[in-house]
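Below is one structure, written out as structure tokens; the observations come after it.
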Amino acid sequence: MVNEAKDILKQRLSAQHYERLIAIENSKLLRFVADAVELTNPASVYVCTDSPEDIEHVRELAVKTGEEIPLNIKGHTCHFDGYNDQGRDTFSTRYLLPAGSTLGESLKSVEKQAGTKEVRDLLKNSMAGREMLVSFWTLGPVGSEFAIPCVQITDSPYVAHSESLLYRPGYEQFRKIAASPDFFRFLHSEGELENGVSKKYQSRRVYIDLEEEMVYSVNTQYGGNTMGLKKLALRLAIQKASREGWLAEHMFVMGVHGPNDRVTYFTGAFPSACGKTATSMLRGQTIVGDDIAYLRKKNARMCCVNVEKGIFGIIQDVNSKDDPVIYKALTSPMEVIFSNVLIADRKPFWLGMGCDLPAEGVNFSGKWFKGKKGPEGNEISPAHKNARYCLSIPDLDNCDPALDDPQGVSVGGIVYGGRDSDTWVPVEQAFNWAEGIILKGACLESETTAATLGKQGVRTFNVMSNIDFVSIPIGRYVQNNLDFAKGVEKPPLIFSVNYFLRDKNNKYLNGMADKLIWILWAELRVHNEVNAITTPTGFIPFYDDLARLFNQHLQKDYTKDDYVRQFTVRVPENLEKLDRVEKVFTYQVPDTPEIIFITFDIARTRLKDAAQKLGEYISPFDLPGKQF
Ligand code: SPV
Ligand code: MN
């Protein structure tokens, strides 16, 4: 078998690129590449090592093929995805499962044999006339216990270029693992192109083979569907983690800077487009990662790493006032790939950037002018709501020094937050680990956003903000999280945050900058430096502590009125939320651990008892010190 693969590769690759593959001495890898070459039939194959010359080749190819357009600032380029290819396609992303097996109703799958045939048929000759790029990356710090080597095959230099900004190099790592079969494989082709974008988007498929730890992706270009190491690898990693006793989470990792230069590391899980990157980039703090974390237990501590080393972030609302670090990066000479923004005069423009946008230019719909209508008759926005930027974290001023620490960082606190207009208070600490996992993480709901294709603003269940990526039965996934504190000396404190609370007139109850205060308060809680009020749903801040933090860090007077409006315990909404989430677990998660239902009952009783004594809407001033 391996000799057959070698023969194919020898015929199809130049001697130089053949040697690069052979040097790894891994038969599974050789078979994978040979099969992909035979199937997709590229005009040439370029095997990338970790050398700067190879990354330069990819960069140049992206410009030469027109997949990226150079902009007016050195290092900046722009890429466009097709009009109908602007977000993750959760409908066509499916697990390939053997006949008769299921991961539970809510995880979409397709019968493995039929699905594999379907996607391979779509990949047949899909790279004809184009160059195949084979590149190697590592998830997690290179050589660490967390690290997973990955190989990405793609005919999109934009995808390979983005990965060079987002992931640590892997070619030398592959040479070290030699014959080991333990790596992830990704095969992507953008398929036939029309005006530079995938023409057959209706045959877009992202099929995940959990047994083989490999993913096929075809007829799409959008990063979340194509960059294997991002959400495709997360799905593989969740299953691997469940097998091996660690966690793979949709989480940022950041250093929160407390008093006296103390740094406490936090992770935070938020559904896409709900403030995850903005939190990890908060002023005065340092970023380890903004999207995906692996957590392991080491010496009775919970440690975590950023799987990535770059950011593929939403650009909407990035401006010099709210996101000064990112804004500076996006306006300075360094390597940045913009996607689906508006281009005019070789400059990128996006929604919420803090200036007027030009009336014409080029965007994801082609030539654009104000008032241009889309096929559905709606006005086309100048830049897409899910337009993004891609850059490397070490290029940022606020890069945390522990980014590449092979030991990871020790986690002090975890925050869970969704898009919630009427229920949760802005910040609240769970009573303990199990309640945090169940009543905060597993109860996360969010209104859908432009990060995924489909209708926006629909409130949906989103366990740990990971619902799109969970690749094991959901009950088991929650149980793994519950069990993860076992043997940990001081489990991280768990918090919920809510940046999206609104009043009756639909007006946000908080400013964009307030999230800094919630995280600084949480940091003080980790070190027992502030007291808290016990409410039926968890511990919330005292007014005086918040007033001091607002004054000190935002130079803002925080009024008692604001505090009451924001931190009132909303009993009916909390009860409704428990009912909604319980329904999901009852009807859609057959393996729900009993502890979840027990905890829901306890939470419900606490809320009802409190309402009986204090009313349905309880001001925090009525609560100090009270225990329920
Ligand atoms: C998300 O949607 O959660 C992202 C971007 O982080 S994507 O690469 O599309 O997954
Ligand atoms: Mn994400």
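We count ligands from 1, going down the list as the structure has it; atoms in each ligand are counted the same way.
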Run the numbers for me: atoms of ligand 1, each under 4.0 Å from some heavy atom of [X], listed by number.
X	answer
Y222	5 (C), 7 (S), 9 (O)
D291	6 (O)
G224	7 (S), 8 (O), 9 (O)
R88	1 (C), 2 (O), 3 (O), 7 (S), 9 (O), 10 (O)

Quick check: does K231 put an N/O/S atom under 2.8 Å from the Mn ion (ligand 2)?
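Here the distance criterion (N, O or S atom, under 2.8 Å) is met by K231, so yes.
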Looking at D400, L396, L403, V253, which hits side-chain contact (heavy atoms from CB on, under 4.5 Å) with T286?
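Filter result, single survivor: D400.
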Taking the six-membered ring for Trp, are F364 and Y83 parallel (under 30°), tilted (30 to 60°) or perpendicular (over 60°)?
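If you compare the ring of F364 with that of Y83, the planes turn out parallel.
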For F32, does the six-membered ring have the charged nitrogen or CZ of R185 within the cation-pi criterion, i.e. under 6.0 angstrom from the centroid and within 45° of the normal?
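That pair qualifies as a cation-pi contact.
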Ring centres under 6.0 angstrom apart (F338, H76):
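So the answer is yes for these two rings.
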Between F495 and Y416, does the ring centroid distance fall short of 6.0 Å?
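No, the ring centres sit 6.0 Å or more apart.
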Atom of D291 nearest the Mn ion (ligand 2) (restricted to N/O/S, atom name only):
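The atom in question is OD1.
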Just to check, does H250 reach to within less than 4.0 Å of ligand 1 when the distance is taken from its heavy atoms?
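A heavy atom of H250 does come that close to ligand 1.
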Using heavy-atom distances only, which candidate in R388, K276, K231 approaches atom 10 (O) of ligand 1 most closely?
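Going through R388, K276, K231 one by one, K231 has the nearest heavy atom to atom 10 (O) of ligand 1.
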Could you check atom 8 (O) of ligand 1 against the protein and tell me its nearest heavy-atom contact, residue, atom and distance included?
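Checking every protein heavy atom, the shortest distance to atom 8 (O) of ligand 1 gives K230 CD, 3.0 Å.
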Can you report which non-hydrogen protein atom sits closest to atom 1 (C) of ligand 1, along with the distance?
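Looking only at protein heavy atoms, the one closest to atom 1 (C) of ligand 1 is S272 OG, 3.0 Å.
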Pair [X]-[Y], side-chain donor/acceptor within less than 3.5 Å:
X	Y	answer
H161	E68	yes
Y222	N386	yes
S280	D290	no

Should the proximity of M227 to ligand 1, defined as any heavy atom under 4.0 Å, be assigned to the side chain, the backbone, both, or neither?
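No part of M227 is near ligand 1 at this cut-off.
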